[in-house]
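In what follows, every chain begins at residue 1, and chains take the letters A, B, ... in the order their sequences are listed.
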Amino acid sequence: MEKSFEPARIESKWYEQWEASGAFRPSGQGEPYCILLPPPNVTGTLHMGHAFQQTVMDMLVRHQRMRGMNTLWQVGTDHAGIATQKIVENQLATEDKTRHDLGRDAFVERVWKWKEESGSTITNQMRRIGAAADWSRERFTMDEGLSAAVRKVFVDWYRAGLIYRGNRLVNWDPVLGTAVSDLEVNNVERDGHMWSIRYLTTDGAASLVVATTRPETMLGDVAVAVHPEDERYAHLIGQTLHLPLTGRQIPVIADDYVDREFGTGCVKITPAHDFNDYAIGQRHKLAPITIFTLDAKVNDNAPEKYRGLDRYDARKAVLGDLEASGLLVETRAHKLQVPVSQRSDAVIEPMLTDQWFVDLTCEVQADGRPGGRKAITGPALEAVRSGEIRFVPENWANTYTQWLDNIQDWCISRQLWWGHRIPAWYDEAGNIFVGEDEADARAHAAAAPVGALRQDEDVLDTWFSSALWPFSTLGWPADGPVKNERGEVVANWDEDQIFLPSAVLVTGFDIIFFWVARMVMATKYFTGRIPFREVYINAIVRDAEGQKMSKSKGNTLDPLDLIDGIALEPLVAKSTKSLLIPQVRAKVEKRIRRDYPDGIPAIGTDALRFTFAALASYSRTINFDIKRAEGYKAFCNKLWNAARFVLMNLPEGQVPAPAGAPATEAERWILTRLKQTLAEVEQHFASYRFDHLAQALYEFVWNEYCDWFLELSKPALNGDDTAAAASTRHTLLVVLEAVLRALHPVIPFITEEIYQEVAKVFVRSSMSAKDTPSSLPDSSTKSILQSTYPQAADFATDDEAAAEIEWFKAVLSGVRRIRSEMNIPPGKTIALLLADGDANDRTRVAKFTPQVAFLARTEAPRWIESGAGEPAAAAAVVGGLRVLIPLAGLIDLDAEKARLAKEIGRIEGEIKKCEGKLGNANFVANAPAEVVAQERQRIADWNGTLGALREQAARLQNP
RNA sequence: GGGUGCUUAGCUCAGCGGUAGAGCGUCGCCCUUACAAGGCGGUGGUCGUAGGUUCGAUCCCUACAGCACCCACCA
């Protein structure tokens with residue numbers, strides 16, 4: 001093995017071999033275990049959130065596969081309607097073209113071309129992360145099979161009366177020129193104004209003042225509303241107002257939606273451009289007046305003067321004219337919530353348009369019966385409320401149910417070209433025909449179409465196809481095998497439905513509504529099953545300061561830069577590339593030069609993955625700090641070098657196993673600790689506590705196996721006892737091998753590399769059946785992927801050995817502390833005397849003499865009579881035993897006195913605490929007996945130690 | 001306006017009813033033949049504030065403060 005761990009060298013070779021071996025595919029044996037990849041945007045690139053989330057999935061999948069489960073990690077990509085269309089439109093823009101210049105067919109063809117070119121970027125990046133996914137079943141939300149599923153779902157829901165088309169007020173993105181769903185709108189706080197405008201009654205006898213943040217919409221006002229019980233305006237209700245600038249007349253209506261306390265208590269009603277006003281308009285049977293075109297310019301329903309003006313220009317014009325006519329009463333600053341399109345940042349304009357909706361409040365059930373619960377959301381709510389689907393952490397279940405309880409119909413049509421075209425046709429009379437294709441639509445028509453049919457121009461919301469992911473990827477609704485464009489079978493519903501429900505969905509809280517809830521709705525409706533048993537909501541990855549990573553802040557980290565490293569200049573260039581504002585650019589550059597003066601060091605995939613695991617507690621956010629990752633790279637190096645040590649201490653070629661139980665206490669202790677660690681790991685996997693899992697293995701490997709067992713093995717390997725040496729060699733290897741398998745789901749590359757080295761020296765046939773889990777490697781081993789996950793049950797505990805090693809560690813630590821605090825050079829061999837102690841101590845000293853001498857750099861310990869003849873010495877106290885290092889020429893007497901005094905002080909403090917408790921009659925009476933007993937034991941132990949320390953201190957005072 | 005989190009060592013975070021922990025940082029001594037990406041030893045915290053429950057509270061309850069995030073129709 002190389003002298004140090006070099007991730008780049010070993011990572012490059014394993015992934016290809018693994019994938020080619022077919023080991024990532026379901027084994028066909030054992031219980032099904034499936035994880036669905038949240039399909040990333042096909043044109044996307046891997047960011048830290050993906051890398052984190054996919055590491056979590058990969059750990060689960062690798063673990064379960066090693067446990068013998070029939071494991072499927074279903075992967076694929078999403079066509080991402082708006083995002084992808086925008087990318088290609090931006091490309092066209094550089095050629096001074098729009099999509100309309102190409103026409104729909106040519107444009108869509110061009111998007112497909114772009115998808116073919118760049119669609120594998122993210123999947124190749126996933127491979128760099130080590131994702132053990134079944135690529136042979138990779139799907140795309142617009143591939144043939146998934147498109148068929150989309151059509152069937154649409155048609156079935158339509159025929160069940162659960163999808164309808166209607167002219168409704170929707171969130172309209174005037175830049176993208178499409179409707180978007182409620183979820184795709186963010187409300188952001190902006191500084192704006194509140195304007196007060198006076199409306200006069202038509203008889204000129206009275207007036208009222210309305211307050212508005214959008215004065216331009218007055219052009220579409222159809223009424224002014226006041227509260228029915230508002231005495232100030234009671235006399236105006238039913239009267240007619242003169243709507244300024246328009247020549248129109250509008251009524252004053254009463255509606256208790258109006259808040260008397262807010263503003264003037266008078267609300268202008270613009271049903272065509274405000275959701276509340278729309279509802280009021282409907283209640284009062286007032287026809288809405290649309291005053292904007294689809295690109296948010298004033299249309300012909302407004303006075304000629306304003307036509308063609310952009311909405312904000314119209315605002316200025318309207319305000320100017322109101323001011324001129326003396327009707328503008330007040331202008332004041334006002335903070336308001338502005339609805340903004342998530343995709344384009346454009347301010348949303350509510351618009352009356354024809355759209356398709358999924359009816360989420362309808363109570364007709366799938367079999368046509370009217371039911372007492374909502375047909376689509378009812379079962380989705382029950383699945384979570386009943387605990388059939390479990391959220392981890394569980395409080396997210398509230399978020400889920402609260403949203404579903406208050407859900408509105410889902411607007412699913414988008415005025416885009418890239419996506420699933422809606423399977424609906426219109427005849428020349430405007431009648432609607434829905435079917436999987438035109439023929440099917442005709443066949444199901446109630447009456448013959450009038451003239452020719454033309455298909456609906458719109459496409460479906462991307463999330464419509466994502467909602468089907470749990471079953472569409474498994475081959476639903478096809479009867480036989482589903483093939484990809486290369487003719488390979490990618491799914492077969494008859495066989496693959498064993499993977500529904502999947503075991504766990506690993507995803508972010510930001511798509512609980514967009515995706516999780518909709519998958520439950522669709523999957524329950526069409527298959528009767530839940531899509532997954534558990535939903536593990538992973539944390540959001542932020543930068544080291546806790547800031548959200550975003551390109552506009554220039555604080556994103558590319559996971560591949562962490563893996564491969566990147567020099568400063570390319571990093572600066574990359575991070576500032578998309579920043580157009582010079583000040584921001586300069587600031588980001590400065591920060592990067594400060595934080596990464598030498599660029600980012602290459603830490604490798606394994607260290608990155610271990611870092612993600614170590615950070616994956618139940619907290620909502622994780623702050624990613626490179627320092628932490630560097631620490632875990634050191635861990636990988638530690639493991640690497642431990643393996644080197646073990647292997648270089650093995651005789652050429654093979655390791656014969658000793659007969660019987662391990663020969664030394666150290667071996668029995670480390671095996672005991674291994675067993676405990678494996679038991680913990682199993683629990684942490686079950687509870688998704690990857691942070692604890694990582695920490696348990698980290699501590700075992702570093703603080704126990706390396707720090708103690710490897711060190712203890714040295715005297716054993718070099719000693720005269722050949723049986724102990726042989727046994728130790730064997731145990732070194734057995735524990736290393738188990739650790740490799742235990743760590744493999746977290747750090748797959750390095751564990752495989754070392755495992756292969758281990759396989760060369762393991763001789764399976766020489767081992768007793770009990771010591772030989774079937775997975776132990778030997779020269780025939782191909783991959784650690786084929787090994788089984790180590791179980792606590794594979795190993796035995798030995799409490800006596802564990803106690804002896806704890807004793808040994810205490811003795812050694814005592815000596816080390818004296819050495820360090822007395823500034824005795826590490827290389828200097830010193831004398832070691834022992835006094836007092838019981839028979840147990842004598843036995844142990846005899847047993848561990850070589851280890852103590854070797855690790856503490858002392859001469860062989862000698863027992864002395866305690867009493868007047870003792871030499872002046874520094875002492876450590878272990879139970880009743882005093883471990884003495886003679887002062888002669890080595891030790892500063894005063895320093896030792898001070899050291900003892902400090903230690904005595906500390907122990908006195910502990911004793912005081914114990915006494916406080918035991919002196920409290922209520923404690924003794926009420927606390928559980930074992931707690932009281934424990935406290936008594938502690939005080940006895942402390943007193944023993946204190947006595948020995950005081951005796952020692954007294955001896956130094958009067959030598 | 002509703003809801004959900006968070007507040008523990010200089011930093012980032014575990015712990016969550018019975019002796020305050022980790023990583024990184026920091027200080028001291030060491031290139032001891034697995035590893036200087038290392039070894040050994042230290043320093044560092046009245047666990048946001050105030051009450052309450054309890055024999056005992058960082059942990060449970062209540063209120064408050066600060067910080068995040070989500071949902072929502074105040075013009």
Side-chain angles (χ1 to χ4, degrees), chain A residues 1 3-5 182 187 194 210-214 217 225 257-259 261-270 274-280 334 336-337 393 395-396 398-399 402-403 406 509-510 512-513 540 544-546 548 601 603 607 611 614-615 617-628 630-649 689 691-692 695 698-699 703 706-707 710-711 714 812-813 816-821 823-827 855 857 910 913-914 916-917 920-928 930-932 934-935 938 942:
Chain A
M1 288 172 76
K3 185 157 179 192
S4 63
F5 162 60
D182 300 342
N187 287 307
M194 176 83 85
V210 297
T212 181
T213 54
R214 296 201 58 195
T217 62
Y257 158 78
V258 178
D259 178 354
E261 310 299 318
F262 190 87
T264 59
C266 301
V267 187
K268 60 189 273 311
I269 303 301
T270 321
D274 183 284
F275 288 94
N276 292 315
D277 293 4
Y278 183 73
I280 293 176
H334 179 72
L336 69 161
Q337 298 283 322
N395 60 289
W396 291 110
N398 289 334
T399 307
Q402 278 176 22
W403 183 71
N406 299 306
F509 72 81
D510 51 332
I512 289 177
F513 306 147
I540 300 296
E545 275 91 43
K548 220 173 193 166
I603 62 159
T611 311
L615 292 171
S617 67
Y618 281 174
S619 97
R620 281 182 183 197
T621 56
I622 59 179
N623 298 348
F624 191 90
D625 188 345
I626 288 186
K627 287 272 167 51
R628 190 95 185 232
E630 286 170 15
Y632 292 122
K633 187 186 177 191
F635 173 74
C636 291
N637 189 53
K638 191 76 180 174
L639 179 65
W640 181 266
N641 278 289
R644 275 181 67 224
F645 172 82
V646 171
L647 294 172
M648 74 177 52
N649 274 290
R689 284 308 299 261
D691 57 332
H692 288 164
Q695 192 175 354
Y698 182 100
E699 279 175 5
N703 304 116
C706 291
D707 285 352
L710 254 55
E711 294 306 319
K714 288 172 185 174
L812 201 66
S813 296
R816 281 172 171 170
R817 192 172 318 145
I818 292 169
R819 290 193 76 117
S820 176
E821 291 181 11
N823 282 319
I824 300 169
L855 293 178
R857 287 247 178 175
E910 296 291 351
K913 267 198 263 177
C914 289
K917 281 193 184 175
N920 180 345
N922 285 327
F923 172 74
V924 179
N926 295 324
E930 62 203 50
V931 173
V932 177
Q934 180 193 319
E935 215 55 34
R938 286 188 57 219
W942 288 128

Under a 3.5 Å cut-off for both distances, is [N] Watson-Crick or wobble paired, and to whom?
| N | value |
| --- | --- |
| B/C29 | B/G39 |
| B/A50 | B/U62 |
| B/G5 | B/C67 |
| B/G10 | B/C24 |
| B/A34 | none |
| B/A72 | none |

Using a 4.0 Å heavy-atom cut-off, does [X] contact any base of the nucleic acid, only the sugar-phosphate backbone, or nothing at all?
| X | answer |
| --- | --- |
| A/A925 | nothing |
| A/R644 | sugar-phosphate |
| A/T399 | nothing |
| A/R816 | sugar-phosphate |
| A/V924 | nothing |
| A/N623 | sugar-phosphate |
| A/K633 | base |
| A/I269 | nothing |
| A/F635 | nothing |
| A/K268 | nothing |
| A/G916 | nothing |
| A/Y257 | base |

Would you indicate which nucleotide in [options] comes nearest to any side-chain atom of [X]?
| X | options | result |
| --- | --- | --- |
| A/D707 | B/C13, B/A34, B/G39 | B/G39 |
| A/K3 | B/C73, B/A72, B/C35 | B/C35 |
| A/N395 | B/G5, B/A14, B/A37 | B/G5 |
| A/A927 | B/C55, B/A75, B/C13 | B/C55 |
| A/Y698 | B/U19, B/G23, B/G41 | B/G23 |
| A/V931 | B/U32, B/G18, B/U19 | B/G18 |
| A/F513 | B/A75, B/G5, B/C71 | B/C71 |
| A/C706 | B/C29, B/A75, B/A34 | B/A34 |
| A/F262 | B/U19, B/A75, B/G41 | B/A75 |
| A/D691 | B/G38, B/A14, B/A75 | B/A14 |

As an exercise, state the distance from [atom1] of [X] to [atom2] of [Y], rounded to the nearest 0.5 Å.
| X | Y | atom1 | atom2 | result |
| --- | --- | --- | --- | --- |
| A/D277 | A/T217 | CG | OG1 | 7.5 Å |
| A/Q337 | A/N187 | CD | CG | 5.5 Å |
| A/R620 | A/W396 | CZ | CH2 | 4.0 Å |
| A/T621 | A/I540 | OG1 | CD1 | 8.5 Å |

So, A/Q695 and A/E699: side-chain donor and acceptor under 3.5 Å apart, yes or no? yes

Side chains of [X] and [Y], heavy atoms from C-beta outward: is any pair under 4.5 Å?
| X | Y | result |
| --- | --- | --- |
| A/M1 | A/M648 | no |
| A/N276 | A/Y257 | yes |
| A/N641 | A/F5 | no |

Would you say [X] reaches [N]'s phosphate, i.e. side-chain N/O to OP1/OP2 under 4.0 Å?
| X | N | value |
| --- | --- | --- |
| A/K714 | B/A34 | yes |
| A/N276 | B/C74 | no |
| A/S820 | B/C29 | no |
| A/N926 | B/C55 | yes |
| A/T264 | B/A75 | no |
| A/R817 | B/G42 | yes |
| A/R689 | B/G15 | yes |
| A/K638 | B/A36 | no |

Measure from [atom1] on [X] to [atom2] on [N] and round the result to the nearest Å.
| X | N | atom1 | atom2 | answer |
| --- | --- | --- | --- | --- |
| A/E630 | B/G38 | CD | P | 11 Å |
| A/E930 | B/C55 | CD | P | 18 Å |
| A/R214 | B/C74 | CZ | C1' | 16 Å |
| A/Q934 | B/C55 | CD | C1' | 15 Å |
| A/L812 | B/G39 | CG | C1' | 13 Å |
| A/D182 | B/A72 | CG | P | 7 Å |
| A/Q695 | B/G23 | CD | C1' | 8 Å |

For A/N920 and A/G631, take the nucleotide of RNA chain B holding the closest heavy atom to each; which residue's nucleotide lies nearer the 5' end? A/G631

Pick the nucleotide of RNA chain B nearest each of A/H692 and A/H334; which residue has the one closer to the 5' end? A/H692

Does A/K638 make a cation-pi contact with A/Y698 (under 6.0 Å, within 45 degrees of the axis)? no

For B/A68 versus B/G52, give the span between their C1' atoms, rounded off to a whole number of Å. 28 Å

Parallel, tilted or perpendicular: ring planes of A/H334 versus A/F262, cut at 30 and 60 degrees: perpendicular

Can you find a donor-acceptor pair, distance only, under 3.5 Å between A/E711 side chain and B/A34 base? yes

